[in-house]
**Student:** 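Could you have a look at this structure, given as structure tokens, before my questions?
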Amino acid sequence: MRNITCHTILALGALSPLCLARTCETIIIPISATAQNRVLPESLTISSFTSELLSSIPNIPPTTVSAPVNISAVYCTPSPNPRSSTLQILVHGVTYTSSYWDGLDTGDGTYSWTSYANTQGYATLAIDRPCNGASTRLQSIAECQIPLNADVVHHLVQAARGGTLPLSTPRTFNSIIIVGHSLGSVISNFHGQIYPNDADAYVLTGFSPVLVNGLPAILGIGLTPASAGLHVGYVKIGFEAGQRFMFYHGQYSTSLQHADFLRGGTLALGEAATGLLGQLPVPAYTGAVFVLNGNEDTVFCQLLPVGSLLGMMGHCDAGPSQGVQALYPNARAFSLFDVQNTGHCLNMHHTAQQGYEKVHKFLEAQGL
Ligand SMILES: *[C@@H]1O[C@H](CO)[C@@H](O)[C@H](O)[C@H]1NC(C)=O
């Protein structure tokens, strides 16, 4: 599939459209995942989630879980492709799929991380995480956990470096940038704990170390069984005003927000339950880290444990974003940007391009 995306940019003092030629293909990557998951009660339901339960998960002993997983991913490469040895691997958050990174496939470049990255010369691999979208729907509590997700990311990095991704034109990548959003950033943090030598840079969006403060509100967004033939441990958001409060703030398209709600993306209880595993220090990691948040993020930037229950918005620039630096004491570079007047799902806001620009300037400065 070849598509041409036009972006309006300021060139030679005049506003003129620039067309980006890029080729995208959907690939299926078979992976034998093996991870140290946590033993969780199979009777877990959304009503058994409390901050106490979630905080205790890191103390539960690990158990080895192995499962074959087919990962569905959209690979896009620009032509020309000046940064031909660098790949961005994009890892979405809960209730989304790879389309989070491409404006929910609306074709509107304003909301497309991949179009922006491709314009800057990067190839992108946006995955449907295990248990989400068109990837294998594993057992939602025992298998769909943060460690298994991180193991999948590790396999993808190895395949990219080794030239074994099933691309129509096989390629080898020497530099890997892992970009997460929300639970995708949590997975990236955990991935760095286990495989500190995999990534040249992490871009953590919708992320801070104080997720625990936002958890009560996540439980208040009316999670209901996803059904559609899925295991009982798959849920979805059942309450649109809750979705809006959690994910949106400031200036955004209400029709995009509504379309987002109607998609009905799922959350597996195992991935939610183990989220705090990906909020820990990563002292062995020595690459670069960039944190990008919507400043009013209600999920990751609540200053008080009860803030989300009281309907308060977040304040990422009052400490939560900066707090990420302490998790990466040996990173060779650290920087952050809080996009003002913006909520948790940054890509869905009118301000999306501000963040894309900051991130890619940082990557460029890192020689990536
Ligand atoms: C992965 O896809 C292949 C080819 O379609 C299929 O044979 C296999 O059963 C799939 N594996 C899983 C775990 O779904």
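Since we're looking at a predicted model, the values are computed, not measured. Counting starts at 1 for both ligands and their atoms, following the listed order.
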**Student:** With atom 10 (C) of ligand 1 as the reference point, say which of Ile71, Ile28, Asn70 has the nearest heavy atom.
**Tutor:** Asn70
**Student:** Under 4.0 Å from atom 14 (O) of ligand 1, is there any protein heavy atom?
**Tutor:** yes
**Student:** Hydrogens and angles aside, do Asp198 and His191 bring a side-chain donor and acceptor to less than 3.5 Å of each other?
**Tutor:** yes
**Student:** Judged by modelled atom types alone, do Thr110 and Asp108 share a side-chain donor-acceptor pair under 3.5 Å?
**Tutor:** yes
**Student:** Do NZ/NE/NH1/NH2 and the carboxylate oxygens of Arg83 and Glu364 come within less than 4.0 Å?
**Tutor:** yes
**Student:** How close do Ile31 and Ile71 get, counting heavy atoms only, and between which atoms?
**Tutor:** CD1-CG1, 3.9 Å
**Student:** Quick check on Pro68 - does any of its heavy atoms sit under 4.0 Å from an atom of ligand 1?
**Tutor:** yes
**Student:** For atom 4 (C) of ligand 1, is some protein heavy-atom partner under 4.0 Å away?
**Tutor:** no
